[in-house]
Novice: 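Right, I'll just put the structure down here and ask away after.
On a predicted model such as this, the values are computed, not experimentally measured, just so you know. Whatever order the structure lists ligands and atoms in, that order sets their numbers, starting from 1.
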Amino acid sequence: MRNNLIEKAKKVLLGNKKRGFTLPTNNKLYPAQWKWDSGFIALGYSHFNLKYAIDEISTLLKGQWKDGMIPHILFHDLNTNYYPNHSVWNCGNKIHSSGITQPPVLAIILKKILDKNKIKVTQKIKIKSMVQKLKKYHEWLIKYRDPKNTGLVSILHPWESGYDNSPLWDYSMNEVKVEKNLKYKRGDNKVINPEYRPLDSDYDRYVTIKNHLRNNKYNPKHLYKKSMFNVVDVGFNSIFLRANKDLLELLKIFNFEHKKLHKFILKSENKIEKLYNKKKGVFTNYDVKNKKKIVVPSITNYFILFANLKNQNINKKIIKNLKNHNLKKKYMFSSIKPNYKKFEEKRYWRGPVWINCNWIIYQGLKNKDKKFANIIKEKTINLIEKNGFYEYYSFKTGKAFGANNFSWSASLFLDLIFEKNNN
Ligand code: DGY
């Protein structure tokens with residue numbers, strides 16, 4: 001059964017593959033290259049075709065902006081029904097792109113690939129140049145998304161988190177004044193049942209913020225202050241801290257300068273604890289724009305485990321709380337804790353189970369609570385065995401929603417299956 005599924009997973013990836021990159025899914029929902037999808041996809045390929053894995057990241061890095069930013073979407077095909085398309089974003093370097101970024105998973109993925117594969121000399125040269133580009137990207141995030149040198153970076157659009165319509169953003173989004181006479185035409189809810197997608201009121205704000213960024217020419221020097229949305233997100237910062245730790249190792253391997261990064265890591269490790277609520281044993285977001293703590297029980301707050309904090313007291317408390325997130329349930333993890341008032345079983349990032357969240361948490365847990373980590377791994381594999389390689393799933397029934405043949409679900413399934421020695 002599992003062997004069959006391994007072949008199916010490979011087929012999903014190969015079915016979505018274009019020249020040099022892979023679509024998140026083979027239907028019309030996401031007809032471009034997405035940044036964090038591409039990272040997960042590369043990891044999946046690395047288990048059966050190292051060249052494809054390296055090509056995937058290489059192509060993504062071709063779209064890097066001159067200042068170092070790596071966009072969240074690269075539009076290789078200009079003729080699609082996706083909204084917002086390349087002309088609406090109206091930016092990009094060499095390749096048309098969006099004007100915002102997405103979670104910085106690439107250094108983590110690249111290190112994983114390097115750790116477990118024999119790399120040919122020619123591939124090493126390619127990887128060295130990738131590491132250099134990632135260094136530039138991380139420097140961009142530090143310089144422009146943490147201009148006050150706090151050790152924590154901001155996101156300036158909910159799409160930058162990857163969990164677009166999470167209740168995490170509800171407060172901040174309500175504060176955004178929707179542009180007058182806003183005109184746009186969504187494509188997503190023609191492809192997928194609108195009950196499973198963000199609301200029009202969410203899109204009104206996504207588009208308003210996007211237009212504002214565009215009107216400011218995506219100038220990172222001014223946007224930290226000016227953006228209509230500025231949030232320090234636990235998930236994004238946890239991924240960034242882990243990625244910085246992995247990048248540090250990569251910089252050492254290739255003899256690149258790394259002292260500044262090391263300093264930033266020490267600062268982040270310390271300052272991220274500012275987001276920790278000791279009493280409740282949870283991490284919470286901070287809305288910089290509106291100066292407000294955002295307390296929402298999102299699974300992404302547990303990405304802190306992935307950052308491998310040295311503070312074991314915190315790690316222990318977090319794990320204890322994580323065990324209560326979906327207490328003794330058949331399916332986990334719901335993206336939002338089910339007893340939360342705004343939990344929705346079927347709607348995108350407001351409740352459903354996502355394979356990448358389970359994978360990130362599993363990676364963060366396996367060196368801290370192996371038993372619990374293995375339960376999550378088995379439950380994630382079983383969910384896919386029963387319901388297929390979908391975009392997301394009901395936490396109550398396991399029923400699949402969103403796009404079928406979803407690349408990162410296939411990729412991360414392969415990674416969980418093929419993982420060696422739990423490292
Ligand atoms: C979408 O189109 O739904 C994407 O998540 C935006 O990046």
Novice: Does K135 make a cation-pi contact with F256 (under 6.0 Å, within 45 degrees of the axis)?
Specialist: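 No; the conditions do not both hold, so K135 does not lie above the ring face of F256.
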Novice: Quick one: table the atom pairs, ligand 1 N or O against protein N or O, below 3.5 Å, distance rounded to 0.1 Å.
Specialist:
residue: ligand 1; atom: 2 (O); partner: Y82; partner atom: OH; Å: 2.5
residue: ligand 1; atom: 3 (O); partner: D164; partner atom: OD2; Å: 3.4
residue: ligand 1; atom: 3 (O); partner: R197; partner atom: NH2; Å: 2.8
residue: ligand 1; atom: 3 (O); partner: Y348; partner atom: OH; Å: 3.1
residue: ligand 1; atom: 5 (O); partner: D164; partner atom: OD2; Å: 2.6
residue: ligand 1; atom: 5 (O); partner: Y348; partner atom: OH; Å: 3.1
residue: ligand 1; atom: 7 (O); partner: W34; partner atom: NE1; Å: 3.1
residue: ligand 1; atom: 7 (O); partner: H72; partner atom: NE2; Å: 2.8

Novice: Does the R205 side chain pair with the main chain of M173, one donor and one acceptor, at a distance under 3.5 Å?
Specialist: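 Answer holds: yes.
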Novice: Can you classify the ring geometry of Y184 versus Y203 as parallel (below 30°), tilted (30 to 60°) or perpendicular (above 60°)?
Specialist: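 Correct class here is parallel.
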Novice: Report the residues that fulfil ring pair (Phe, Tyr, Trp, His ring centres under 6.0 Å) with F48, sequence neighbours left out, ordered by chain and then residue number.
Specialist: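 F48 satisfies ring pair (Phe, Tyr, Trp, His ring centres under 6.0 Å) with Y45 once adjacent residues are dropped.
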Novice: Pick one: which of E344, E345, E195 meets salt bridge (charged side-chain N to carboxylate O under 4.0 Å, His left out) with R350?
Specialist: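 Passing option: E344.
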Novice: Taking the six-membered ring of Y331 as reference, does the cationic atom of K396 (NZ for Lys, CZ for Arg) lie under 6.0 Å from its centre and within 45° of its axis?
Specialist: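 Not flagged: K396 not positioned over aromatic ring of Y331.
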